[in-house]
Amino acid sequence: MKYDFREIELNAKDKWAEHKAYAVAEDPSKPSFYVLDMFPYPSGAGLHVGHPLGYIASDILARYKTMSGYCVLHPMGFDAFGLPAEQYAIQTNRHPEETTKENIDRYRQQLELLGLGYDWNRSVTTSDPNYYKWTQWIFLQLFNHVYRGDLQKAAPIEELFGHFRHFGSSNHPFLGTAHDAFSADEWNQFDSEKQAAIAMNYRLAYQADAWVNWCEALGTVLANDEVKDGFSERGGHAVEKKRLKQWFLRISTYADRLLLDLEGLNWSAAMKEMQSNWIGKSEGASLGFKVANSEIVLEVFTTRPDTLFGVSFMVLAPEHPLLAEVVKFGFEEALAYAKQASNRSERERQAGSEQATGAFTGSYALHPISGKELPIWVGDYVLAGYGTGAVMAVPAHDTRDHKFAMAFGLPILPVIELPEDESLPYESKEGRLMHSDFLNGLEVKEGISAMLAHLEAKKLGLKTVNYRLRDANFSRQRYWGEPFPIVYSTGIAKAVDVQDLPVELPHMEDFKPTGRPESPLTKAKAWTELPEGIRETDTMPGFAGSSWYFLRYMDPKNNEHFASSAALNYWKQVDVYIGGTEHAVGHLLYARFWHKFLYDLGYVPGHEPFKRLVNQGMILGRSNLVYRETSTGKYVSAGLVPTSKKGFQALHVDVNVVHDDALLPEQVLAIFPEARPHLLVLEEGVLKCGVEIEKMSKSKFNVVNPDAIVEDYGADTLRMYEMFLGPIEQSKPWNTQGIEGVNKFLRRVWRHCISEGGHCVLTSDSPEPAALKSLHTLLKRLHQDIEDMSMNTCISAFMICLNELLDQKCKSIEIFRPFSLALSPFAPFIAEALWEKMGGVGLACKQEFPKVEEKHLVEDQFSYPVSFNGKKRFDLTLPLSLSPSEIQQEVLSHAEAKKWLQGQTLRKVIVVPGRIVNIVLG
RNA sequence: GCCCGGGUGGUGGAAUCGGUAGACACGCAGGACUUAAAAUCCUGUGGGCAGUGAUGUCCGUGCGGGUUCAAGUCCCGCCCCGGGUACCA
């Protein structure tokens, strides 16, 4: 019987369904293992061959772990809420509820084709009310908690109220936004609206007026990580700064822990680096500069207090809150400048960055030590969102300050001795300080600590740690997201009662963005207007649902809790998390933040969600191009086109039509309506196509669908080929041609074990030592490499082993039974069929993974490569029992060696037993 | 600019601790079987030079140096490609 993958796959699927092979239940008698895939946003385009790469790798690991005695959780779900899903619905002029459901069904179908062992009963969908009930619940926990700086831990907001009632705002340990001080009496006198406003400065989920990224085209604000180079990451639309009242998550309170705990994680260095850069911790001093003839004090943050004597002016951000007060009569130009600068989009501000712009305010600040007058300027190179939005400018030792000083003719005061070949601005932290009073003669690093000590002693400033990480904007003015469980009554934001969760998203026919910074939900009057007040109409961003989904898989049907503590304590954390690098700072940082918060509240047993992270590379498309000569309109075969491609237009053609990188003339005529037979310039009767490696996308006609591959070769072949392509972390091009190799491997396994009539032709003969050695070499490899996620080398090991067994004409069932069980994680369908044909009882995928027996691997001789001066000249097989000196003797007395030794002086002999012999001649 | 990855045959890639570079595949070439095709099997396949030939010999892991008996692997200096990030005070 030939290898009929269609029948084999159908049978195996039936058998798995019948035995509920992939249903997972916590088994306390076994150790747990949690393998997680980053769940997909189900796009309208369906899966291409690049998507399942990580799913297949994780499936192999999960199956291997199951067979090795672990209770394994390997779930899959859908990230269905959010901008992309809604944009897709708008484009196709349908409701997101409908399109989302359809896309999920299609995704699931495609995934099921591949034989991935997911327990679909545990699947979650973020847009399902039973799921987002708990997203809302966690939001309410954030709303009702504050952060204690002294304990580095979240605490109930009642603690804050208690402190304010008894002690007012003095000496409280809570981290938040600065506000005016008050006494206990004052607090108790405040009306509830005022108290609520003050509490907003501390809640971990809070509302504030802030400069946010407003995207006109998408009709919503975006978080910092959703904006790249001044454009929206999704769609590439312009983004501008706007001051709006929004919900935020106070992730900044967790900045230090998010940074410190990176250390213990088994993540790639690059990934940790990206997170660490995003958090952007910097240590320095904050100090106040008094404004001359006023009460105003300008706070600045600097990492270089050593250069304080080099300050020659100050610069405020255009959005600085005190700017209007600082600007003197007659200098209104500065206000006009600031207004115009803050109205410019982020993009425009960056584009004009070669030219420093700014204006003088007319005011002067006083140097905190020397008392010297320093002109105060406003300039858009100072960012409102970082530090205090004001800088002390040291043009001699900061490039940006230098550029500004040069543009406006401001003084430049060097305070560090300049090394020979250096010029200003000199930013290095090497050198000796000068013109700096008590710092003169000190090294920069000494100067920093000396100045810090001085500032603190004189109460002029404080040692301060600053973070680049800012609080996460949590409001979106869009329809397709989780509604906030918040109702406003008498102007106060109040939490919806937990019993009333979920607050369900109302069905709306017209859900399109309003174009104003206002959610479409404002139009659902019946939904927003309640007897007790008005509902919040913004919705949560895409990352809300994805920040905790991995916990819900542990106990997805629970109606009382987001997951039971029994389940949480059994699975603990994700052991291996597989996904792309694109989520380095968004999802992974928010998920860590939420997890730490839940840990502080005692809900989860550990403070990090993902122990090990594996980033799969992208599978790139291999595009085919047809070259058309621009001047003549001729379609020219690739071999005849000059390398420079000058004068030629490269047109993408569908790779699913092209065979062996060539098109038949009639195909060309069918694809291009303007093509005529006389316009074709062929080679050997065909039009050869150019090849380019680029991202797989519809517009490039290079998308290969897994369904088509499964149709032609079967799912086992697709699984193995995806793994065989190369290391999982690496990006590599897809080339369907190469698939023959693994397909042939599976056919050979089948044909060797199963007769034409469909019977097992293996014998019960006891296996030869050589066969045992081949098998156990394979097993040893697998045990190592599967854990390392080095699946490509596993596949080669299978091929090597089979090649050897075929050479040996081995037919022993004692070899091929463990061989096919070992194959089961990689090619589960064929393994199931082989297991059955070999008379196995139960399911192959539930058997114990074959163990390595080292005794079959012991060698007693080794073929030594013998080198002279590092160049290999011959091989010599010797017993491994020989000592180095015996080996040396054997080698030197060998006839072949004599030839090379002739007329040469023997300098040295290097013998590494079991490896190499090298003879040094002189 | 800065910070990470990475450069190995025609292609994807392998190579444990510094120890036989190119495993395993694809492709290609030749052959067997076949009326033919498919399928299957066998042989060869980094490059140069010499030889009818077995074979011999030199070069070879982006480039240039270095360490070492021995370097794809370690060190120094460059070049190129991919990713991240950018007025972060």
Side-chain angles (χ1 to χ4, degrees), chain A residues 2 228-229 268-274 276-278 280-282 284 300-304 307 315 317 349-350 352-354 356 379-383 385-394 397-401 403-404 427 466-470 581-582 584-585 615 617-618 620 622 660 691 693 720-721 724-727 729-745 747-748 751 784 790 792-803 806 863-875 907-912 914-922:
Chain A
K2 77 180 235 291
K228 289 227 155 35
D229 301 327
S268 73
M271 211 63 173
K272 291 189 194 182
E273 175 96 6
M274 276 188 237
S276 147
N277 286 344
W278 191 261
K281 180 177 185 173
S282 57
V300 302
F301 171 76
T302 178
T303 53
R304 296 294 301 273
T307 62
V315 189
R349 265 165 93 156
Q350 279 175 18
S353 66
E354 312 83 43
D380 71 355
Y381 82 93
V382 178
L383 302 177
Y386 183 77
T388 61
V391 300
M392 56 174 232
V394 185
H397 304 294
D398 181 283
T399 311
R400 297 150 302 170
D401 296 343
K403 201 163 81 184
F404 196 81
E427 293 189 308
N466 205 9
Y467 295 93
R468 186 181 104 102
L469 179 71
R470 272 164 280 163
T581 19
E582 65 272 22
V585 287
N615 294 114
M618 230 191 304
L620 301 168
R622 190 175 180 281
D660 294 333
V691 170
I693 305 300
M720 290 194 82
Y721 185 54
F724 189 61
L725 280 178
E729 302 89 349
Q730 210 167 294
S731 289
K732 57 240 155 183
W734 176 270
N735 185 357
T736 306
Q737 256 185 46
I739 205 165
E740 290 293 341
V742 286
N743 190 243
K744 200 192 284 176
F745 164 79
R747 288 200 305 258
R748 293 214 286 174
R751 203 154 24 84
Q784 276 169 17
S790 173
N792 56 326
T793 50
C794 291
I795 311 285
S796 318
F798 273 112
M799 292 173 169
I800 293 168
C801 179
L802 181 70
N803 288 348
L806 294 186
S863 168
Y864 282 92
V866 179
S867 301
F868 291 81
N869 287 339
K871 288 191 169 64
K872 190 196 129 187
R873 296 305 178 183
F874 63 93
D875 291 300
R907 294 258 179 237
K908 204 171 173 184
V909 181
I910 314 280
V911 177
V912 184
R915 279 213 182 270
I916 197 169
V917 175
N918 190 16
I919 293 156
V920 187
L921 306 171

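So that the names make sense, note that chain A is the first sequence line, chain B the second, and so on, each numbered from 1. Just so you know, these numbers use all the heavy atoms, side chains as well, and skip hydrogens, waters and symmetry mates.
In this model, the phosphate group of G12(B) is not approached by any side-chain N or O of K732(A) to a distance below 4.0 Å at OP1 or OP2. Distances shown here put a side-chain N or O of R747(A) below 4.0 Å from the OP1 or OP2 atom of U40(B). Phosphate contact (OP1/OP2 of G13(B), side-chain N/O of Q730(A), threshold under 4.0 Å): present.
Base pairing of G27(B): its partner is U45(B), meeting the Watson-Crick or G-U wobble criterion (both donor-acceptor distances under 3.5 Å). Applying the Watson-Crick and G-U wobble criteria (two distances, each under 3.5 Å), U55(B) pairs with A50(B). Taking a pair to require two hydrogen-bonding distances under 3.5 Å in either a Watson-Crick or a G-U wobble arrangement, U40(B) pairs with A32(B). When Watson-Crick and G-U wobble pairs are counted only if both distances are under 3.5 Å, U20(B) pairs with no nucleotide at all. Base pairing of A71(B): no nucleotide in any strand meets the Watson-Crick or G-U wobble criterion (both distances under 3.5 Å). Summarising the base pairing, G5(B) is matched to C81(B) through a Watson-Crick or G-U wobble pair whose two defining distances lie under 3.5 Å.
A71(B) and G53(B) have their C1' atoms separated by 36 Å, with the value rounded to a whole Å. Annotation: A25(B) and G18(B) have their C1' atoms spaced 28 Å apart (nearest Å). Taking atom C1' on both nucleotides, A70(B) is separated from G66(B) by 15 Å, rounded to a whole Å. Across the P atoms, G46(B) and U11(B) are found 13 Å apart, a figure rounded to whole Å. Using P as the reference atom, G12(B) and U67(B) are 35 Å apart when rounded to the nearest Å. Across the P atoms, A32(B) and G22(B) are found 31 Å apart, a figure rounded to whole Å. Rounded to whole Å, the separation between the C1' atoms of U73(B) and A21(B) comes to 11 Å.
Partners of N615(A) under the side-chain contact (heavy atoms from CB on, under 4.5 Å) rule, at least two apart in sequence or in another chain, are S268(A), M271(A), T581(A), L613(A).
With rounding to whole Å, Y386(A) atom OH is found 13 Å from A86(B) atom C1'. When rounded to the nearest whole Å, the span between NZ of K403(A) and C1' of G1(B) equals 12 Å. E729(A) places its CD atom 13 Å from the P atom of G5(B), with the value rounded to the nearest Å. When rounded to the nearest whole Å, the span between CG of L725(A) and P of A14(B) equals 11 Å. Protein atom CZ of R622(A) is 16 Å distant from nucleotide atom C1' of G13(B), rounded to whole Å. Rounded to whole Å, the distance from CG on N743(A) to C1' on A38(B) is 14 Å. Between the NZ atom of K872(A) and the P atom of C58(B) there is a distance of 14 Å, given to the nearest Å. Regarding E273(A), its CD atom lies at a distance of 9 Å from the P atom of C3(B), rounded to whole Å.
For the residue pair Y721(A) / N743(A), no side-chain donor-acceptor distance below 3.5 Å is found, with atom types taken as modelled.
Between F724(A) and M799(A) the shortest side-chain heavy-atom distance falls below 4.5 Å. Side chains of I916(A) and I910(A) form no contact here, defined as non-hydrogen atoms less than 4.5 Å apart. Using a 4.5 Å heavy-atom threshold, the side chains of M392(A) and T307(A) count as touching. Residues R748(A) and N803(A) have side chains in contact (heavy-atom distance under 4.5 Å, counting atoms from C-beta outward).
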Checklist outcome for this item: Expected string for nucleotides 22-31 of chain B under the B/S/- scheme (protein heavy atoms, under 4.0 Å, primed atoms plus P, OP1, OP2 as sugar-phosphate) is -BBSSS----
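Stacking of R622(A) on the aromatic ring of W734(A) is not recorded, the 6.0 Å distance cut-off and the 45° axial limit not both being met.
Between R468(A) and I916(A), it is I916(A) whose nearest contact on RNA chain B lies nearer the 5' terminus. When the nearest nucleotides of RNA chain B are assigned to Q784(A) and V912(A) by heavy-atom distance, the more 5′-ward of the two goes with Q784(A).
As judged by a 4.0 angstrom heavy-atom cut-off over every strand, S282(A) is placed among residues touching the sugar-phosphate backbone only. Residue contacts shown for N918(A) include a base, since a base heavy atom lies under 4.0 Å away.
For the atom pair K744(A) NZ and L802(A) CG, the distance stands at 12.0 Å (nearest 0.5 Å).
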